[in-house]
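Reading through the structure tokens given below for one structure.
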Amino acid sequence: MVMDNVLFTDKLAKNCSVVAGVYSDGSLSSSAQKIDENFGGIISRNLKKLNFVGKTLFKTCSFVADHGDYNHFILAGLGESDKKFTKFELEKLGAAIYSGVSKLDTDVVVAVEDVDLRASCDCVPAFIGFGALLKSWNFEKYKSKKDESIKLKNLSLLTADAKIAEEYFAKLRKIADGIFLTRLVVSEPANVIYPESLAAMAKNELSPLGVEVEILETAEMKKLGMNALLAVAQGSENKPRLAVLRWNGGKKSESPVAFVGKGVTFDSGGISLKPGDNMHEMRYDMAGSGTVLGLLKAVALNKLPVNVIGLMAMAENMPSGSAQRPGDVVKSMSGQTIETLNTDAEGRMILADALWYAQDRFNPAAIIDLATLTGAIVVALGHEFAGLFSNCDELADQIVKSSVATGEKVWRMPMSEHFDEGINSDVADMQNIGKPNVRGSSITAAQFLKRFVNDKKWAHIDIAGVETSVNDLFICSKGATGFGVHLLYDFLCENYVK
Ligand code: BES
Ligand code: MN
Ligand code: ZN
């Protein structure tokens, strides 16, 4: 399911395959050059023969050694020799190398070391290894026949200081474990992952790591007045849960950062039923909660010295005799009333109570919610960017910065009164969809959420287009991406870890 090991070494073992870095001008990386000299110029000779141009940053191509102890030499294009690599570019390089060698049944050593000299991040081999590791994950749990073409178990990176790289990589490995948990729960079908089972999974995964896990059930939610969340859940046999995850890594006096995830384990639309085509994709509608879960795992594994709250707001949105009806009015935990005009706009109702609860109980320094909230954000930003909304420029800038660093792209979207007015209802304080003359429904949805954060610093990330991919991406195969874990981990490190 995932490659066994990423190793760091300063020696070349015999009978392994070697990945040699090549620049766009045809020159070899210095470590590859040394190997070339020791093997009678085998790399440079083949380089000419194949007319390989190392221009395309992540292209690999391979040839078999005609003599010597090595099975294979694989060329990896490194682009211009003076261009600086970002962390994410190093990850992409690692992922491309993994794809190029994963079918080999030898050990593989990567010789691209002098990339070190022109990288803008602290540990180059570790990030290359991280990219390879992320790419190696796949979900084939339900396949009776596993893919046997993938042979690679260990990938070794040639580096002068293996110890430093190992130490650095150990941290990245734990972030990867968080990402893998997110990918796993997002990939699982809705008959396996429903509020009760996802809550149990959160407890099993996180309690042993020192995270306090509290699970609220229907009765407690009723007591707290979470009628918006309950309204969404009332049509389903699967009862809702609110998982409250607490990582107390910081000082007692420091207010926590709260992450709130939409966890609709299946979104049929409810009585406002969705069309049948692609309805199965709505098993991914818990990705926000999945991201919060993976993030808390990464934070706890690396014992980040910061206080973090994770809220997983989980329900299943189904049509039935007990389901909420279009036109129903409920009073949310905040006291504000909501007219449900469309039962398919359920995410914001769940988040309304979860956000209010987050600010009310924990007085957080900042709240960030993640939600597969609107189809419209996919129309606006495609599958390339998540939509970022915020009531605080500073917070938004911090998130954008981490987005650039990690390659998990977000694009800030506007908020304004026009859209806010669009959700004023004739019969209640607000309605859960915008009026027909107000378009831009991703913004309307964000305006709705804003009414439940009580002016706390808040950001909302609409991940509807990025939580899964129908195509293979650089650092993951098609399916669940784990988007947001690395982004928000980086955000915490940059802004809250002292
Ligand atoms: N979960 C969906 C949004 C979604 C759509 C996620 C496509 C991923 C892919 C959400 O609950 C929803 O149904 N939103 C509606 C809102 C509308 C009724 C205002 C939508 O986007 O159509
Ligand atoms: Mn919906
Ligand atoms: Zn939904």
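Residues: numbered from 1 along the sequence shown. Order of listing sets the numbers, starting from 1, for every ligand and every atom in it.
Ligand-side atoms of ligand 1 in range of R348: 16 (C), 19 (C), range being under 4.0 angstrom from any heavy atom. Numbered from 1 in the order shown, with element, the atoms of ligand 1 that lie under 4.0 Å from a heavy atom of K262 read 1 (N), 10 (C), 11 (O). Atoms of ligand 1 found under 4.0 Å from any heavy atom of A464, numbered from 1 in the order shown, are 6 (C), 8 (C). Close approach of ligand 1 to N342 (heavy-atom distance below 4.0 Å) involves ligand atoms 18 (C). Near T372, meaning under 4.0 Å from one of its heavy atoms, ligand 1 places the atoms 1 (N), 2 (C), 3 (C), 6 (C).
Within D267, the N/O/S atom positioned nearest the Zn ion (ligand 3) carries the name OD2. The Zn ion (ligand 3) lies closest to atom OE2 when only the N/O/S atoms of E346 are considered. Restricting D285 to its N/O/S atoms, the shortest distance to the Zn ion (ligand 3) is reached by OD2. The Mn ion (ligand 2) is closest to atom OD2 of D267 (considering only N, O or S atoms). Shortest distance from the Mn ion (ligand 2) to E346 is reached at OE1 (N/O/S atoms only).
In this structure, atom 22 (O) of ligand 1 has its sub-4.0 angstrom surroundings free of protein heavy atoms.
The single protein non-hydrogen atom nearest to atom 20 (C) of ligand 1 is G375 N, 3.9 Å, given as residue, atom name and distance.
At least one N/O-N/O distance between E346 and ligand 1 falls below 3.5 Å. At least one N or O atom of D267, backbone or side chain, sits closer than 3.5 Å to an N or O atom of ligand 1.
Nearest-heavy-atom check against atom 7 (C) of ligand 1 across E281, M349, M282 picks out M282.
Among T343, D267, D285, the one residue that satisfies the side-chain hydrogen bond (donor to acceptor under 3.5 Å, both in side chains) test with N317 is D267.
Not one N, O or S atom of L373 sits under 2.8 Å from the Zn ion (ligand 3).
Residue contacts with ligand 1, taken as heavy atom pairs separated by less than 4.0 Å, do not involve N317 at all. If you look at I433 next to ligand 1, the close heavy atoms, those under 4.0 Å, all belong to the side chain.
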Residue pair K401, E494: steps toward the salt bridge (Lys or Arg N to Asp or Glu O under 4.0 Å) verdict
CA-CA 9 Å; K401 228 172 147 200; E494 291 299 320; 5.7 Å; no
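Between the side chain of R183 and the backbone N or O of N138, no donor-acceptor pair lies under 3.5 Å.
We find that D177 and R173 are joined by a salt bridge, their nearest charged nitrogen and carboxylate oxygen being less than 4.0 Å apart.
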